[in-house]
Structure formats: C-alpha cells, structure tokens
Amino acid sequence: MAAQRVAKLPPLAVGGSDMSPRAMKGYEGLTGPSYQLVSTGSKYSLPAPGVLQPYVDTRSGALDAWPAHAAGQTTSSTALIPHGATSVKSYSRKPLVKEEDTGKGVPKPKFLDQLENFLKKELRALGCPESGPSELRLQAHREVFEYLIEDFKTYKPLLSSIKNEYETMLAHLRQQIRDLEPLKSMLVTVSEQCDQKILKIREQEKQEMVDLRRENTGLYRKIMGMSEQQQNLQAQVNKLREELSEQYLRYRDECDARKLLVSDINDLRYQAEDLQKAASAGSVGDPQDDPVMMRVALKQARVDLKKMSEELIRMKADYGDVVPRRDFELLEAKHNALLETEGVLRDQFSKLQQEHDTLLEVHKQVIQQRDEFYTQSETLRRSATPRPDWDKCGDVVDGGAERWAELTKEITSDQKMDVLLQELQTMKDAASDKDIPEFFEGRGFKPDVPAFLRYEGQVRNRKLAKRDLAIVIKDVWREKAAHDAGKAKPTKLENYLLMYLEKRFNLEPLVAEWGYNIHDACTRFHQSENSIGLFFSILKGETDEQIYHQQIDLLSRLLSHFAQKDVSLGTQGLLPKEELSAAIAEFFPLKDPESIQVLVQAAEDELDTQGGPIPFKQLFTEDDEGRTGPFINRLRDQTKSEREAYVDDLQAALGDVSDVVVEDVRKAFLTVDPEIDQPEIDMFLGRAFGVDKDKLEKAKSTHTTKVLQRLRTGNIRRVGKKP
C-alpha cells in the first residue's frame with residue numbers, strides 16, 4: 001500500500017499568488033457568526049470562516065489524502081469490527097496499517113491540524129466535559145463539520161444532506177422529549193397516587209390481617225379446647241369400655257359358676273338318690289350287709305353333706321341380690337315404657353300450663369272489658385234516653401208485625417232505623433208511582449232476548465224491594481259458586497240465572513215472572529247499590545264476572561292477612577291504627593300513602609274507634625241486604641279507580657291509532673307495566689280481543705275504543721310499579 005495518495009481535483013484558474021487567499025488570513029477574534037443553545041439560552045460567537053480554511057495547493061488542483069493512520073492513529077472499535085466478531089470487546093483496537101508500511105514522521109495536513117486545534121480551543125473555552133453527551137460539545141463539533149463541508153466543494157451536497165438528516169432527526173428527538181416531559185410528570189403523579197393507594201390498601205389489609213390473625217388465634221384456641229375436650233371424652237369412653245368389659249367378664253364368670261354349681265347340685269342329688277336306692281335295695285335284698293362298709297359310707301355322706309351345705313350358704317350369700325335375666329329384661333322394658341309415658345305427660349303438662357296461662361290472661365282481659373262495659377252501661381243507663389218500642393213499627397209497615405219481626409231479627413237499633421226508613425220510602429214510592437204497570441209484556445223468543453226473559457204473554461209485576469233483590473242476588477251467587485266448582489270454564493251468569501229459576505220454580509210462568517221482576521228491580525236499584533250494579537252489569541254482559549270473584553278473593557286474603565298480623569302481635573282481634581296501616585301497605589305494595597290513609601280513616605269512621613284499637617273483623621261484615629261498610633266501599637272504589645288509570649295509561653301508550661292488533665296492545669302493556677308476566681298479558685289480551693288466550697294468533701284487528709272498553713270492564717290490574 002502506498003504511503004501517500006493524491007486525489008486529483010478539477011483544475012483551478014491559473015494566476016494570482018501561489019497560495020489560496022483564504023489561507024493567508026490571520027485570526028482576528030470572534031468576529032464570525034454566532035449560535036445559541038436551546039437548553040441554556042446562552043449566545044456564543046465564532047471566528048470568521050476564512051480563518052480556518054485549509055492550506056490547499058490551488059495551482060496543482062490536487063488534494064492531499066493524508067491517511068488517518070499515518071501518525072499511529074487507530075480506527076474506532078465500532079468501525080473496524082470484522083464479520084464474525086461477537087462484540088466490540090472481543091476485537092481489540094489495532095492499527096489499520098502497520099507503522100513500518102506508512103513510514104514514520106508523516107506530517108498531518110495543515111487544514112486537519114487547524115481543525116483539531118480549533119476544536120480543542122473551543123472545547124476548552126466552552127468548558128465542555130471530557131466525555132458524555134453535551135450540547136456544547138455537539139455545537140463545537142457541528143461548527144467544525146460545517147467548516148469541513150464548506151471546504152470540500154465536491155462532497156458538500158452529500159455531506160450537507162447527511163448533516164441535515166442528522167439535524168432533522170435530532171430536532172425530532174428533541175421535540176419528542178419535550179412532548180414526553182408532561183407525560184413524565186403525569187407518570188410521576190400517577191405513580192405517587194398508585195403508591196398512596198397501595199399504601200392505603202396495605203394499611204386496610206394490615207388491619208384485616210390483624211383481625212384475621214386474631215380470629216385465627218381464637219379459633220385455634222377453640223380448636224385446642226375442643227381437642228382437649230375430645231381427648232377427655234375419649235378417655236372417659238375408653239375407661240367406661242374397660243369397666244364394661246370387666247363387668248361383663250365378672251358376669252360371665254358368675255354365670256359359668258352358677259351353671260357349674262347347678263350341675264354339681266344335680267350330680268349330688270342324683271348320687272344321693274342312687275345311694276338311697278342302693279341302700280333300700282341292699283336292706284331288702286341282703287339284710288346282713290357289712291356294717292363297716294355302711295359306716296364308711298355314712299361318714300363319706302356326712303362329709304359331702306357338710307361340703308354341700310357350705311357351698312349352698314356361699315351361693316346364697318353371693319347370689320342373694322342377683323335378679324334373673326328374664327325378670328331384669330321385663331323390668332327394663334317396663335321402665336322404658338314408663339319413661340316414654342312420663343315424657344309425653346310432661347309435654348302435655350307443658351302445653352296445658354301454657355294454655356292455662358293464656359286463659360288466665362284472656363280471663364283478665366275479659367274481666368277488664370266486663371268492668372269497662374259495666375261502667376259504660378251504668379253511665380248510659382243514667383244519661384241515655386229510653387229505648388224506643390220497635391214493635392210498634394209492625395203496625396205501620398206492610399206485612400204487619402210478623403214481617404217486621406223477620407226484617408229486624410238480630411240487628412242493631414241503627415240498622416232497624418235504616419230498615420224502617422227504607423220501608424217507608426218503599427211505601428211512598430208505591431203510593432206515588434201509581435202509573436207503574438201491574439204486568440210486564442213478554443219479549444218473545446228472539447235470539448237477542450236474554451235467556452231468562454224469553455217468554456210470551458203478560459208477567460205479573462211483583463215490585464221487588466231492594467232488600468228482597470239483595471237476598472235473591474246473594475243466593476244466586478252462592479248457588480252459582482257451588483255449580484261452577486271444579487269446572488274449567490264457569491257458566492255465563494245470564495244462562496245460570498235461568499237454570500237457578502227453573503230449579504227453584506218448576507212452572508214456566510213463575511220462572512218468567514221472577515226473571516222479569518229481577519231485571520226490573522236491578523234496573524231501578526243498580527245506581528244506588530254497588531253490589532246490585534255489579535250484578536246487573538255482569539248479567540248484561542258488560543262486565544267480566546271475574547271482577548266479582550276477584551273482589552271476594554281480595555277481601556278474603558286481606559282478612560287472612562289481618563288475622564296473621566293479629567296473631568303475630570297477640571292483640572286478640574284488635575289492631576292498633578299504626579299496625580293496621582302497616583298491614584294495608586304490606587298487602588297493597590302499589591298503593592300510595594294517601595290511599596292507605598283514606599282506608600284507615602274509613603275504618604275508624606265506620607267503627608268509631610276514636611284513635612283506639614280497631615276490631616278489624618267487623619270491617620268485613622255486611623247486612624242482610626248485602627251492603628258493606630265505608631272501608632270495603634272505599635277499597636272497591638280505589639280498585640276501580642286504579643283499573644281506570646291503568647286503562648288510561650294503555651290508551652296513552654297506544655296513541656291515536658284507530659285499529660290495533662294483538663302485538664300493538666302487547667307492546668303497550670309492556671311499556672306501561674314492565675314487570676307483567678306472559679300469562680297475565682295473554683289473559684288480558686284475550687279479554688281485550690274477545691277470544692281465548694290460546695287463540696290470540698287468530699284475533700283480528702279491532703277498533704281501539706272497543707278494546708279499551710273491554711279492558712275497562714274486565715278483570716285487569718297493574719302487576720308492577722309504574723315506570
């Protein structure tokens with residue numbers, strides 16, 4: 001490799017001095033351009049550009065290509081890593097060309113020397129650190145690089161492009177750093193918040209850990225105590241088992257000894273019998289036996305007798321208190337039976353004692369009520385006016401004293417007054433309405449005539465009173481309930497009324513007479529009495545019969561609810577005002593407080609309790625005409641108003657459409673009452689479109705007014721709360 005290479009440049013203009021004028025300028029101070037650092041804001045001046053221009057031989061047009069390794073320079077480790085080296089450390093820094101090949105003492109170009117000296121001077125002047133990233137070091141190197149680019153005209157575009165790319169990338173990275181500064185602050189803040197939350201959670205968990213550790217310690221102690229108790233119980237069980245085994249062994253030994261003793265006694269008895277037989281046989285057969293043998297036998301018999309006597313005494317002493325096993329088992333069975341009988345008798349005694357205490361409390365209350373009633377009776381006896389003689393009214397009313405006694409049987413004076421006024425009003429109406437016909441004209445047998453009115457000819461007008469009509473209606477409802485029991489679909493009231501009259505009156509004229517009179521009485525009294533109006537509306541087919549049954553079921557369930565509340569409180573049929581209000585609110589969760597207060601006030605007004613306990617059972621009574629009190633009437637009015645409001649909400653949900661289909665009404669129900677279930681919707685839709693709930697898919701489009709009218713007269717109710 002040659003020691004020095006010369007790069008041929010384009011020829012320059014001939015003439016002038018031998019050296020470049022730029023190389024002849026001297027250093028005149030920092031009179032060149034200036035720059036300003038972004039980080040510090042300080043402004044720095046630079047020398048004139050012509051001071052540091054390299055020494056170039058312009059006459060020859062050649063550029064000295066002095067090698068970088070001429071003075072023993074080495075290349076950077078990152079630029080000289082050969083292919084295959086794993087890291088910078090694994091490849092040591094070596095000179096690219098050996099010193100003996102380049103020659104010693106090759107001088108640097110003056111331009112390079114001037115650039116290096118200027119760079120060192122700038123670095124010292126700016127006080128830059130020896131190593132590490134620095135804005136000042138970067139600016140000094142940037143100026144030197146600009147001088148280098150300025151001198152190399154041929155490579156200036158390429159070098160400028162490289163420098164611009166680096167500058168653009170540095171500016172982009174600085175912008176990213178400035179953009180990330182707020183995120184860094186935010187990250188620090190979030191990190192602090194997270195640390196605080198973690199510390200707080202740790203504090204909470206620490207307290208929970210302490211509590212759990214304390215609870216664990218308590219449970220461990222409890223377990224240890226139970227373990228010790230179990231060990232003690234196990235030791236007792238083992239001891240009892242040992243004692244039981246010892247007792248069993250003793251029992252077996254005694255049993256075996258007894259059996260052996262019995263066997264020995266039997267053997268001795270048999271031996272004695274044999275000896276007696278032998279003695280008797282010897283005395284009879286040979287009277288001249290040997291007396292010596294007899295003496296020996298006698299002596300042996302006496303010894304055996306003494307031994308047996310001692311054994312018998314010992315056995316009596318040992319087994320004197322022993323009971324035979326059969327007797328023991330019988331006595332044990334009798335003892336267990338007596339124990340069971342004793343337990344049953346104790347339970348019965350406890351129940352009887354509780355009943356006795358309850359009866360004593362009831363007796364005290366009855367005595368207290370008796371004293372109060374006696375005091376009130378004495379007070380009324382002194383202050384009240386004499387009671388009227390109601391029997392005199394029998395001379396005034398129709399039917400005489402006998403009918404008056406029947407009308408006023410087992411009713412109060414207030415009710416007797418109502419009956420008297422009603423009879424007087426009836427007599428007045430009969431006297432004033434002289435133009436009422438005595439007979440009805442039969443309507444014939446046309447299909448549009450109700451079944452119980454199909455008759456031709458004249459029918460006598462009985463002019464039924466309201467009380468008589470109410471009695472007939474109550475009897476019809478009672479008989480119809482028994483008739484429809486167990487049937488999937490109840491009989492229509494119009495048809496059943498004919499069946500009822502035919503069953504009661506066998507003659508067709510009487511059936512027609514009562515049918516026409518019931519219809520006429522309902523026409524006259526349906527506006528003055530709720531029960532008659534509901535019956536007449538159902539009879540004409542305008543109202544669903546289920547409304548009547550729903551009212552009866554509602555009153556029955558409400559009475560049962562009050563009774564359960566009374567049993568839980570132990571108030572003996574008297575509910576305080578607050579408890580009655582709470583029971584109504586619990587039974588009717590959809591009622592507002594104002595409606596509940598109206599019902600409570602009606603109950604107080606009906607029974608005149610004046611803020612005291614309310615005997616709730618009296619609220620569910622009615623007179624012989626089927627009239628109920630204000631409480632039941634208010635409840636029925638509220639039920640009707642709630643049904644009307646429910647239908648109004650459905651009308652608002654349907655909008656102004658003229659005809660609707662099943663799906664339209666279904667959506668309206670779900671909008672107004674979201675908690676309603678599918679069976680309830682199907683039942684209501686069947687009523688609205690006049691079909692069975694199983695045939696809703698066959699229902700045709702119906703006028704909205706007709707659908708709403710059917711719903712108003714049907715047994716519909718709101719299931720959930722109003723949205």
Quick check: does any side chain N or O of R460 sit under 3.5 Å from a backbone N or O of E513, one acting as donor and the other as acceptor? no

Once side-chain contact (heavy atoms from CB on, under 4.5 Å) is applied, do any residues pair with E604, and if so which ones, sequence neighbours excluded? K577, Q601, T609, I614

Would you please indicate yes or no on a ring centroid separation below 6.0 angstrom for H519 and F536? yes

Would you find more than 12 non-hydrogen atoms of other residues, nucleotides or ligands less than 6.0 Å from M499 atom CE? yes

When you measure from the side chain of N517 to the backbone of L464, do you find a donor-acceptor pair of N or O atoms at a distance under 3.5 Å? no

Side-chain heavy atoms of L498 within contact of N495, under 4.5 Å: no

Examine distances only and state if a side-chain atom of E542 and a backbone atom of T713 form a donor-acceptor pair shorter than 3.5 Å. no

Of all heavy-atom pairs linking A583 and K565, the shortest is CB-CG, 4.3 Å

Give me the atom names and distance for the closest heavy-atom approach of L607 to P615. CD1-O, 3.5 Å

Donor-acceptor pair, distance only, cut-off 3.5 Å: does the side chain of R718 make one with the backbone of Y646? no

Between D592 and S595, do the side chains contain an N or O donor and an N or O acceptor separated by less than 3.5 Å? yes

Quick check with a 6.0 Å cut-off and a 45 degree axis cone: is K503 positioned over the face of Y500's six-membered ring? no

Check the surroundings of atom NZ in K487: do more than 12 heavy atoms from other residues, nucleotides or ligands lie under 6.0 Å from it? yes

Quick check: closest heavy atoms across T704 and V657, and the distance to 0.1 Å? OG1-O, 2.9 Å

Given side chains that start at C-beta, do those of D673 and F669 come closer than 4.5 Å, heavy atoms only? no

Looking only at heavy atoms, the pair that brings E675 and G720 closest together is OE1-CA, 3.3 Å

Do N633 and T628 have a side chain donor and acceptor closer than 3.5 Å? yes

Hey, would you say the W514 and F452 ring centroids sit under 6.0 Å apart? no

Donor-acceptor contact below 3.5 Å, side chain R454 vs main chain V449: yes

Do the non-hydrogen side-chain atoms of R504 and D475 ever get within less than 4.5 Å of each other? yes

Under a 3.5 Å distance rule, please check whether T341 uses its side chain to pair with a backbone N or O of A337 as donor and acceptor. yes

Heavy atoms, side chains only, cut-off 4.5 Å: are L575 and L569 in contact? yes

Taking the side chain as everything from C-beta on, heavy atoms only, tell me whether Y455 gets closer than 4.5 Å to Y516. yes

Are any side-chain N or O atoms of S641 and backbone N or O atoms of D637, one a donor and one an acceptor, separated by less than 3.5 Å? yes

Please state whether the rings of F562 and F631 are parallel, tilted or perpendicular, taking 30° and 60° as the class boundaries. tilted

Is it the case that atom CG in D656 sees more than 12 heavy atoms from other parts of the structure closer than 6.0 Å? no

Between C522 and L469 the two heavy atoms that sit nearest each other are N-CD2, 3.7 Å

